[in-house]
There are 4 protein chains.
Amino acid sequence: MPDPLVIADRKFSSRLIMGTGGAANLAVLERALVASGTELTTVAMRRADTEGGTGVLDLLRRLDITPLPNTAGCQSAAEAVLTARLAREALDTNWIKLEVVADERTLLPDPVELLEAAEQLVQDGFTVLAYTNDDPVLALRLAEAGVAAVMPLGSPIGTGLGIRNPHNIELIVARANVPVVLDAGIGTASEAALAMELGCDAVLLASSVTRAQDPERMAEAMRDGVRAGRLARGAGRIPQRFWARASSPPR
Amino acid sequence: MPDPLVIADRKFSSRLIMGTGGAANLAVLERALVASGTELTTVAMRRADTEGGTGVLDLLRRLDITPLPNTAGCQSAAEAVLTARLAREALDTNWIKLEVVADERTLLPDPVELLEAAEQLVQDGFTVLAYTNDDPVLALRLAEAGVAAVMPLGSPIGTGLGIRNPHNIELIVARANVPVVLDAGIGTASEAALAMELGCDAVLLASSVTRAQDPERMAEAMRDGVRAGRLARGAGRIPQRFWARASSPPR
Amino acid sequence: MPDPLVIADRKFSSRLIMGTGGAANLAVLERALVASGTELTTVAMRRADTEGGTGVLDLLRRLDITPLPNTAGCQSAAEAVLTARLAREALDTNWIKLEVVADERTLLPDPVELLEAAEQLVQDGFTVLAYTNDDPVLALRLAEAGVAAVMPLGSPIGTGLGIRNPHNIELIVARANVPVVLDAGIGTASEAALAMELGCDAVLLASSVTRAQDPERMAEAMRDGVRAGRLARGAGRIPQRFWARASSPPR
Amino acid sequence: MPDPLVIADRKFSSRLIMGTGGAANLAVLERALVASGTELTTVAMRRADTEGGTGVLDLLRRLDITPLPNTAGCQSAAEAVLTARLAREALDTNWIKLEVVADERTLLPDPVELLEAAEQLVQDGFTVLAYTNDDPVLALRLAEAGVAAVMPLGSPIGTGLGIRNPHNIELIVARANVPVVLDAGIGTASEAALAMELGCDAVLLASSVTRAQDPERMAEAMRDGVRAGRLARGAGRIPQRFWARASSPPR
C-alpha cells in the first residue's frame with residue numbers, strides 16, 4: 001500500500017472518509033460510497049442516516065467499509081461519552097468520531113465540552129477522532145489529551161463554504177503530531193484538493209456528496225480531488241511570483 | 001470515449017493540455033508527460049523548450065502525443081502570423097496556439113495585435129487556439145473571429161497565482177460558443193480543479209509541472225485535479241449556506 | 001492644498017469622483033454629493049441621470065462641482081467621438097470621460113473601439129479620462145495614446161463585486177505614468193479604501209452611493225474610506241507574517 | 001454624542017481602541033494616539049510598552065485617554081486573574097482587557113483558561129473585555145459568563161493578515177448581546193473598515209499603527225477607516241450582482 005493514511009494502529013489506502021447522512025436512499029448511498037473509494041465511513045448513533053435502522057451498517061458490511069460511529073447530535077460531554085459507550089457495545093469497536101456541538105444552528109463544537117469528552121474517552125480506552133473548530137490551540141489541546149486524529153472544520157457543517165481560514169489549517173498542520181483530517185464545509189472537489197495541499201492527511205465529507213445533484217459523480221470527483229491534492233502537496237509546488245516568467249527562454 | 005474534449009474536428013479523452021517549457025531535461029519531461037495523460041502538447045517555435053533541437057518533437061511522436069505549435073515570444077500580429085506559417089510548414093499541421101504578448105515582464109496578451117493575428121490566421125485556414133487575457137469581451141471577439149478555442153489566463157504566465165478572477169472566467173464560459181481552456185497561472189492541482197468547476201473545458205499548463213520539485217508527481221496531481229473538477233462541475237454541487245445544516249435529521 | 005489629485009492641468013483636493021446616475025431624485029443626489037465632498041462628477045450625455053433635463057447640471061453648478069461629461073451608452077468609437085464633441089459644445093469643456101462598452105449585459109469596455117476612440121479624441125484636443133477593464137496592457141496602450149487618466153474597473157458596473165483582481169490593479173499602478181482611477185464595481189467603503197491602498201490615485205463610483213439605502217450616509221462613508229486608503233498607502237503598512245508577534249516584549 | 005460606542009456603563013465617541021505596544025518612543029506614540037482620536041487605550045501590565053516605567057500612563061493622563069489595563073503575556077487563568085487584580089490596585093479601575101494566550105508563537109487565546117479567567121473576574125466585580133479567537137461558540141460562552149465585550153481576532157497578533165474569516169465574525173455579531181470589538185490582525189485601513197462593515201462595534205489595534213513606517217499617518221488612516229466602515233454598515237450597501245447594471249437607464 002503506497003502512501004497509506006495511518007490513524008492509530010490502522011492503515012487506509014484511501015484518504016477520503018465519508019459520512020452517510022443526507023442520502024436520498026440506500027441505493028444512492030451505495031453507489032456514492034463505491035465511487036468514493038472510501039474505506040472508513042461515519043455512522044450517526046443519534047441521528048437517522050437515510051432510512052435509519054440497521055440498513056447503513058448492513059451496507060457498510062457488504063461493501064467491506066469500516067464503520068466509524070460518531071456522536072453527532074450530542075451537546076454535552078456526558079451525552080457524548082454515553083453515546084460513545086453505546087456505540088462500542090453496538091458496533092464492537094473502540095473507535096469513535098467525537099462530536100460535541102454547541103447548538104443546532106451553527107453545529108459548531110463546544111470547545112470546553114469537547115475537550116472534556118475527549119479526555120474521558122481517551123482514558124476509557126477509546127481511539128478518538130475529534131471533530132473540532134479550526135482553532136490551532138484547541139487542536140493542540142486535543143492532541144495532548146491523546147486523541148488519535150484532530151478533525152478541524154473548513155466551515156460549518158452543511159454550509160458548503162469550503163475552507164474559510166486556510167491560515168488556521170496551516171497552523172494546525174504545522175504543530176500537529178497526530179493526523180489532521182479536514183472535516184465539514186467542503187462543497188466541491190477543488191476544496192477537497194486544497195485541504196490536502198494545506199497539509200491535511202485526509203478529508204471527511206458527507207452532504208457535499210449525498211446532497212449533490214448526482215451523488216455518485218460527486219463522490220468520484222471527491223476521490224480524485226483528494227488524490228490530486230495529496231500528490232500536489234508531495235510534489236512541491238512552484239512559488240508564487242508578482243511578475244511573469246516565461247516557461248522557456250528565448251531561443 | 002466518454003465525455004471527450006472536442007476542439008474543431010478532433011476529440012481528446014484528456015482535458016489536460018501540457019506545455020513543454022521549463023523541464024530540466026527530456027527524461028524529466030517524458031515522465032511528466034506520461035503521468036499527465038495529456039494527448040495534446042504545445043511546442044514553442046521561437047523559444048527553446050528543454051535543450052531545443054528536435055528532441056521535443058521526437059519525444060512527442062514517440063509518446064503519440066499531438067504537438068500543438070505555439071507562437072510564444074511574438075509581440076506583433078505580423079510576427080505571430082509568420083511564425084504560425086513556419087510552424088505549418090515544419091510540423092505539417094494547421095493547428096496553432098496563438099500567443100501575442102505585449103512585453104516580457106507581464107507576458108500578457110496585446111489585445112489589439114492578438115485579435116488582428118487571429119483574424120488573419122482564421123482567414124488563412126488555421127485552426128486557432130487563442131491565448132488571451134480574462135476579458136470577456138475580447139474572448140467574445142476572438143470567438144466571433146472564428147477561433148477554435150479561447151484560452152483565458154488565470155494569472156500571468158509562470159506566476160503560479162492561480163485564477164485571480166473567477167468571475168471573469170464564469171462570464172467567458174457563460175457566453176462562449178467555443179471551448180474555453182484555462183491557460184496560464186495555475187500553480188497547483190486545486191486550481192486546475194477550480195478551473196473546470198467554473199466551466200472551462202480544459203486546462204493548459206507547463207511551469208507548474210515542469211518546475212515543480214517533482215514534475216512527474218505534479219503531472220499526476222494535475223491529471224487528477226482536472227478530472228475531479230470536470231466531474232464536480234457535472235455533479236451539481238450543493239448551494240452555499242450561511243447557517244449550518246446537519247447531514248441527517250435527529251433520530 | 002495638501003496632497004492634491006492632479007489630472008492634466010487641474011488639481012482637486014478630493015480623491016472621490018462621483019457619478020450622478022441612479023439617484024431617486026435631485027434632492028437625494030444633492031445631499032449625497034455634498035456629503036461625498038466630491039469636486040468632479042460625471043454626467044451622462046446619452047443616459048437619463050435622475051429625472052434628466054438640465055437639473056443635474058444646474059445642481060452641479062450650484063454646488064460648484066465640476067461636471068465631467070461621459071459617453072456612457074456608446075458602443076462604438078464613432079458614437080463615442082460624436083458624443084464627446086456634442087458634450088464639448090453643450091458643456092463648454094474639453095474634458096471627457098470616455099466609455100465605449102461592448103454590450104448592455106456586461107457593460108464591459110470594448111478594448112479595440114475604446115483605444116481607437118481614445119486616439120481620436122486625444123488628437124482632437126480632448127482631455128480624456130478612459131474607463132477601461134483591468135488589463136494592464138490596455139491601460140498602458142491608453143496611456144501611450146495620451147489619455148490624462150486610466151480608469152480600470154474593479155468589477156462590472158453596478159455589480160458591487162468590489163475589486164475582483166487586485167493583482168491587475170497593482171500591475172497597472174506599477175507601470176502607469178498617468179493617474180489611475182478605480183472606476184466601477186465598488187460596493188462599500190472598505191473597497192474604496194482598498195483601491196487607494198493598491199495605489200490608485202482616486203476612486204469613481206455612483207450606484208454604490210445613489211442606490212444605497214441611505215445615499216447620504218454612504219457618500220460620507222466613501223469620502224472617509226477614500227481618505228483612509230490614501231493615508232494608509234502613504235503610511236507604509238506593516239508586512240504580513242505567518243507567525244504572531246507581540247506588540248511589546250515581555251517586561 | 002451621535003452614535004456612541006457603549007461598553008458597560010461608559011460611552012465613547014471614538015470606535016477605535018488603541019494599544020500602546022510597539023512604538024519607537026513616547027513622542028511617536030503621542031502623535032499616533034492624538035491622530036487616532038482614540039479615547040480608550042490598552043496598557044500592558046506584564047509587557048514593556050515603549051520604554052516602560054510610568055511614561056505611558058502619564059502620557060494617557062495628559063491626553064485625557066482612558067487607560068485600559070490588559071493581561072498580555074499571561075498563559076493561565078490564575079496568572080491573568082492575579083494580573084487583573086494588580087492592575088485594579090495600580091490603576092484604580094475595575095476595567096480589564098483579558099488576554100490568556102496559549103503560547104508565544106501564535107499568541108492565540110487558550111479557550112479553556114480564558115473562559116475560566118473571565119468567569120472569575122466577572123464574579124470578582126471586574127468589567128471584562130475578553131480577547132478571544134473567532135470561534136462563535138466561545139464568544140457566546142464569554143458573553144454568557146458576563147463579559148462586557150467580546151474581542152475576536154481577525155488573525156493572530158502582529159501578523160497583519162487582516163480578517164481571515166469574515167464568516168465567523170458575522171456569526172459572532174449575529175448572536176452577540178454585548179459589543180463586539182475586532183481585536184488583532186488588522187494591517188491596514190481597509191481591513192478596519194471591513195471589520196465595522198461586518199457589524200463590529202469597534203476595532204482595537206496596535207502594531208499596525210505603531211510599527212507602520214509613519215505611525216501618525218496610519219493612525220489617522222485607521223480613524224477614518226473605522227468611521228467609514230461604521231457609516232457604510234448603517235447606510236445599507238447595494239446587493240452584489242453577477243451581471244452589470246447601468247447606473248442610469250438609456251435616455
Side-chain angles (χ1 to χ4, degrees), chain A residues 19 21-22 44 46-49 52 72-73 104-108 156-161 187-194 197 206-208 210-215 217-218 220-222 224-225 227-229 231-232 234-251, chain B residues 19 21-22 44 46-49 52 72-73 104-108 156-161 187-194 197 206-208 210-215 217-218 220-222 224-225 227-229 231-232 234-251:
Chain A
R46 290 170 51 90
R47 290 191 185 271
D49 286 353
E104 284 290 316
R105 198 144 185 233
T106 66
L107 296 176
L108 290 170
I157 292 171
T159 58
L161 292 173
T188 184
S190 59
E191 296 162 0
L194 174 60
E197 289 167 354
S207 307
S208 57
T210 57
R211 294 192 198 279
Q213 282 170 36
D214 182 341
R217 201 189 305 194
M218 189 57 94
E220 208 182 333
M222 293 298 186
D224 287 354
R227 201 181 284 167
L231 287 163
R237 61 159 290 162
I238 54 169
Q240 295 191 322
R241 304 162 47 89
F242 185 83
W243 294 103
R245 180 185 189 190
S247 52
S248 347
R251 189 170 279 175
Chain B
R46 289 169 52 91
R47 291 192 185 269
D49 286 352
E104 283 290 316
R105 198 143 185 232
T106 65
L107 295 176
L108 290 170
I157 291 171
T159 59
L161 291 173
T188 183
S190 60
E191 296 162 0
L194 175 59
E197 289 168 354
S207 306
S208 57
T210 57
R211 295 192 197 277
Q213 283 169 36
D214 182 341
R217 201 188 305 194
M218 189 58 95
E220 209 182 332
M222 293 298 187
D224 287 354
R227 202 181 283 167
L231 286 164
R237 61 158 292 161
I238 55 169
Q240 296 191 321
R241 302 163 48 88
F242 184 82
W243 294 103
R245 181 186 189 189
S247 52
S248 345
R251 190 171 279 175

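Proteins come first, then strands; the chains are lettered A, B, ... in the order of their sequence lines, and each starts at number 1.
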Using non-hydrogen atoms only, which part of A/Glu197 is less than 4.5 Å away from chain B: side chain, backbone, both, or neither?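 It is the side chain, since no backbone atom gets that close.
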Counting heavy-atom pairs under 4.5 Å to chain A, which of B/Gly160, B/Gly158, B/Gly236, B/Ser190 comes out on top?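 Ranked by heavy-atom pairs under 4.5 Å with chain A, first place is B/Ser190.
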If you count heavy-atom pairs within less than 4.5 Å of chain A, which of B/Gly229, B/Ala206, B/Gly187, B/Ala193 leads?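 Ranked by contacts with chain A, first place is B/Gly187.
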I need the residue from A/Asp224, A/Leu108, A/Thr159 with the largest number of non-hydrogen atom pairs under 4.5 Å to chain B.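 Of the candidates given, the most pairs with chain B belong to A/Thr159.
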Looking at A/Gly225, A/Ala192, A/Pro239, A/Gly234, which makes the most heavy-atom pairs under 4.5 Å with chain B?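 The candidate making the most pairs under 4.5 Å is A/Gly234.
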Within the distance-only criterion (no hydrogens, no angle test), does the side chain of [X] pair as donor or acceptor with the backbone N or O of [Y] below 3.5 angstrom?
{"X": "B/Arg245", "Y": "A/Ser207", "answer": "no"}
{"X": "B/Thr210", "Y": "B/Gly21", "answer": "yes"}
{"X": "B/Glu220", "Y": "A/Leu231", "answer": "no"}

What's the shortest heavy-atom distance between A/Ala212 and A/Met218, and which atoms?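 Heavy atoms of A/Ala212 and A/Met218 come nearest at CB-CB, 3.8 Å.
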Where does B/Pro215 contact chain A at under 4.5 Å (heavy atoms): side chain, backbone, both or neither?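 For B/Pro215, neither part sits under 4.5 Å from chain A.
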Taking the side chain as every heavy atom from C-beta outward, state whether B/Leu107 and B/Pro156 have any atom pair closer than 4.5 Å.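 Counting from C-beta outward, B/Leu107 and B/Pro156 never come under 4.5 Å.
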